Protein chains: 2
Amino acid sequence: MSEKNYDVKQEVTDKYSLRGRVFSRLREDILSGKYAEHEELKEVTIGEELGVSRTPVREAFRQLELEGLIQIIPNKGAYVTGITEKDVKDIYMIRSLLEGLCASWATEHITDEQMEEMEENVYLAKFHAEKGHYDQLAELDNRFHEILYEACNSKYLEHTLKDFHQYVIRVRRKTLSNVNRGPKSNEEHEAIMEAIKEKNAKKAQDLANKHILSAYENLVKSGLKEAFDTTEK
Amino acid sequence: MSEKNYDVKQEVTDKYSLRGRVFSRLREDILSGKYAEHEELKEVTIGEELGVSRTPVREAFRQLELEGLIQIIPNKGAYVTGITEKDVKDIYMIRSLLEGLCASWATEHITDEQMEEMEENVYLAKFHAEKGHYDQLAELDNRFHEILYEACNSKYLEHTLKDFHQYVIRVRRKTLSNVNRGPKSNEEHEAIMEAIKEKNAKKAQDLANKHILSAYENLVKSGLKEAFDTTEK
DNA sequence: CCTCGTATAATTGTATACAATCATACGAGG
DNA sequence: CCTCGTATGATTGTATACAATTATACGAGG
């Protein structure tokens, strides 16, 4: 009966192995923009920076390649993958669909604890929005979506959405986070949450769908183009 | 101007490096069912089998983990990931949505060469269907979808769909491929193709959507449950 | 007979050494 | 001055050695 839960908790391995730490660290650094796009990552350099040998670095590279964050050219090097304006749009369109599906499924499968964390999240976000704590607001925004992903009860959908969400976080850091978006976003979160509470899957799906699209529109408005302008300011 | 095409042609690296060959080989073997689910893969054993050292094997393991084909427990081992009946259903539902989006985008971006290959594919499939060549039919079926993925002009959507498609191929091999499905599937392919030709994106989306759902229903009918019955026959 | 702890074996994790490949510099030949 | 080929250095690819961790076996103590 213990056959069921093969939860792929990769986060666990990440903490306790050098490879995992290198992987997480590099992903973080790439997403946060520490490494410029198309920058070459050298195994020894990274290894020295993190105080490890090439082996764990190489293994981390292979994973980063599969995540699409770097591109490895055989016998040549590893390069930070560029992400274009169109890529961002594509990802949001894909996410919009899947996030809707996710909300729909979450309506049927969300646990009491998850529901509780979600309510807490929305409540807290409302507080920080009033206070103007935009960093915490962004953090809560990310977490809201992760809760939703975990609540859908599908490891594949969860994994896919988390991947795309990572990319989005990366992009969001490039654009100046629009201070006006935070409160509006949280209102939409609340609406989605209410729909889930009412067990109205269709409504939750529709709201989640629109939520992502409106997030994208906001991104465009708040200077997506500028962020992708090759001429660095 | 040459800034645009950063095609992640991983297939290339796969052919020329040991790691790539190990990765491809293991993936193939896992998907084809050579390794049973939950079977432990030992680094030295695999290395000996393929005539390489542990290093490329380990790197391949890390990639397979990220693809979800194996699960690595730190300091313990690598195990072939189980895929449940529910996973299959989830994947088909996700694919249905994305395949629709893909068809819609393909309508706007398909190239003449891709259109030509698609027509040839459908034509050939019709031929093999009449002759009862089910192996070729399955091969063409897979290829049709890959053409569609490539035609959508989005590397992220393409990558995501190809991943899920891989899983489906794996499952399809477990169920006895239903001989009646082949021709029907090809008819649906043709309809999708026609919609794309007519530049009717909405129709293509809708048809692709339904195509995946009907493929799933067929899968269920032709013994999905039996294939996942733990009591091996 | 059961429980617990220790020793041993097996396996993975990491570091390093060596081989292969690629990029660059430099000089001979035209 | 340009072109091409060779030599040299840098970087990745692979193999192997060693460390750390985990699983197993076995025996002492209760």
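We name chains A, B, ... by the order of the sequence lines, and we start the count at 1 in each one. Because only heavy atoms are used, hydrogens play no part in the values below, and waters and symmetry mates are left out as well, while side chains stay in. Model, not experiment: these values are computed from the prediction.
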Asker: Counting heavy atoms from C-beta on, name the nucleotide in dG13(D), dA23(D), dA17(D) closest to the side chain of Lys76(B).
Answerer: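 Shortest atom-to-atom distance from the side chain points to dA23(D).
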Asker: Nearest whole Å is fine: how far is dG13(D) C1' from Ile72(A) CD1?
Answerer: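 That distance rounds to 12 Å.
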Asker: Of the candidate nucleotides dG13(C), dA15(C), dT14(D), which contains the atom at the shortest distance from the side chain of Arg62(B)?
Answerer: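 In terms of side-chain proximity for Arg62(B), the closest of dG13(C), dA15(C), dT14(D) is dG13(C).
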Asker: Expressed as a whole number of angstroms, how long is the span from Phe23(A):CZ to dT14(C):P?
Answerer: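 Answer to the nearest Å: 14 Å.
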Asker: Among the nucleotides dT12(D), dG13(C), dA15(C), which one has an atom lying closest to any side-chain atom of Thr55(A)?
Answerer: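 From the listed options, dA15(C) comes nearest.
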Asker: Can you tell me how the ring of Tyr167(B) sits relative to the ring of Tyr156(A), calling it parallel under 30°, perpendicular over 60° and tilted otherwise?
Answerer: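 Tyr167(B) vs Tyr156(A) ring planes: perpendicular.
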Asker: What protein N or O atoms touch nucleotides 19-21 of chain D N or O atoms at under 3.5 angstrom, if any, and at what distances?
Answerer:
from: dT21(D); atom 1: O3'; to: Asn75(B); atom 2: ND2; distance (Å): 3.4

Asker: Are a donor atom and an acceptor atom from the side chains of Thr84(A) and Asp87(A) found within less than 3.5 Å of each other?
Answerer: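 Thr84(A) vs Asp87(A): donor-acceptor pair found between side chains.
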Asker: Closer than 4.0 Å, any side-chain N/O of Arg19(A) to the OP1 or OP2 of dT14(C)?
Answerer: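 Answer no for this pair, as no side-chain N or O of Arg19(A) is under 4.0 Å from OP1 or OP2.
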Asker: What is the distance, rounded to the nearest whole Å, between atom CD of Gln71(A) and atom P of dT12(D)?
Answerer: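 It is 15 Å, rounded to the nearest whole Å.
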Asker: What pair of heavy atoms forms the shortest contact from Ala78(A) to Ile72(A), and how long is it?
Answerer: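 Nearest pair, atom of Ala78(A) first, then Ile72(A): CB-CG1, 4.1 Å.
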Asker: Rounded off to whole Å, could you give me the OH-to-C1' distance for the Tyr79(A) and dT11(D) pair?
Answerer: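 After rounding, the reported distance stands at 10 Å.
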Asker: Does Ala138(A) offer a backbone N or O that forms a donor-acceptor pair with the side chain of Asp141(A) under 3.5 Å?
Answerer: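 Not at all, since once roles are kept as given, no pair shorter than 3.5 Å links the two residues.
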Asker: Using whole Å, report how far CG of Leu18(B) lies from P of dA19(C).
Answerer: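 Distance, rounded to whole Å: 16 Å.
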Asker: Could you check Arg143(B) against Glu139(B) for salt bridge (charged side-chain N to carboxylate O under 4.0 Å, His left out), going step by step and ending with a plain yes or no?
Answerer: CA-CA 6 Å; Arg143(B) 182 59 196 153; Glu139(B) 202 59 51; over 6 Å; no
Asker: Which residue is it: His165(B), His211(B), His145(B)? I am looking for the one with a side-chain hydrogen bond (donor to acceptor under 3.5 Å, both in side chains) to Glu99(B).
Answerer: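 That would be His145(B).
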Asker: Tell me: CZ of Phe61(A) to P of dT14(C), nearest whole Å?
Answerer: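 That distance rounds to 15 Å.
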Asker: Rounded to the Å, how far apart are Leu50(B) CG and dT14(D) C1'?
Answerer: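 After rounding, the gap between these two atoms is 14 Å.
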Asker: How close or far is atom C1' of dT12(D) from atom CD1 of Ile73(A), stated in whole angstroms?
Answerer: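 Atom-to-atom, Ile73(A) to dT12(D), this comes out as 12 Å.
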Asker: Give me the atom names and distance for the closest heavy-atom approach of Glu150(A) to Gln114(A).
Answerer: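 In terms of heavy atoms, the two residues are closest at O-NE2, 3.5 Å.
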Asker: Would you indicate which nucleotide in dA15(C), dT12(D), dT11(C) comes nearest to any side-chain atom of Glu43(A)?
Answerer: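 Of the candidates, dT12(D) comes closest.
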Asker: Look through every strand shown and name the nucleotide pairing with dC22(C) as Watson-Crick or G-U wobble, where both distances are under 3.5 Å.
Answerer: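 The answer is dG9(D), by the H-bond criterion.
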Asker: With both distances kept under 3.5 Å, what pairs with dG30(D), Watson-Crick or G-U wobble?
Answerer: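 Result: dC1(C).
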Asker: Taking the side chain of Lys42(A) as heavy atoms from C-beta outward, which of dT22(D), dA15(D), dT12(D) is closest to it?
Answerer: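 The nucleotide sitting nearest to the side chain is dT12(D).
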Asker: For a quick test of reading the model: is some side-chain N or O of Arg58(B) closer than 4.0 Å to OP1 or OP2 of dG13(C)?
Answerer: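 Arg58(B) to dG13(C) OP1/OP2: side-chain N or O found under 4.0 Å.
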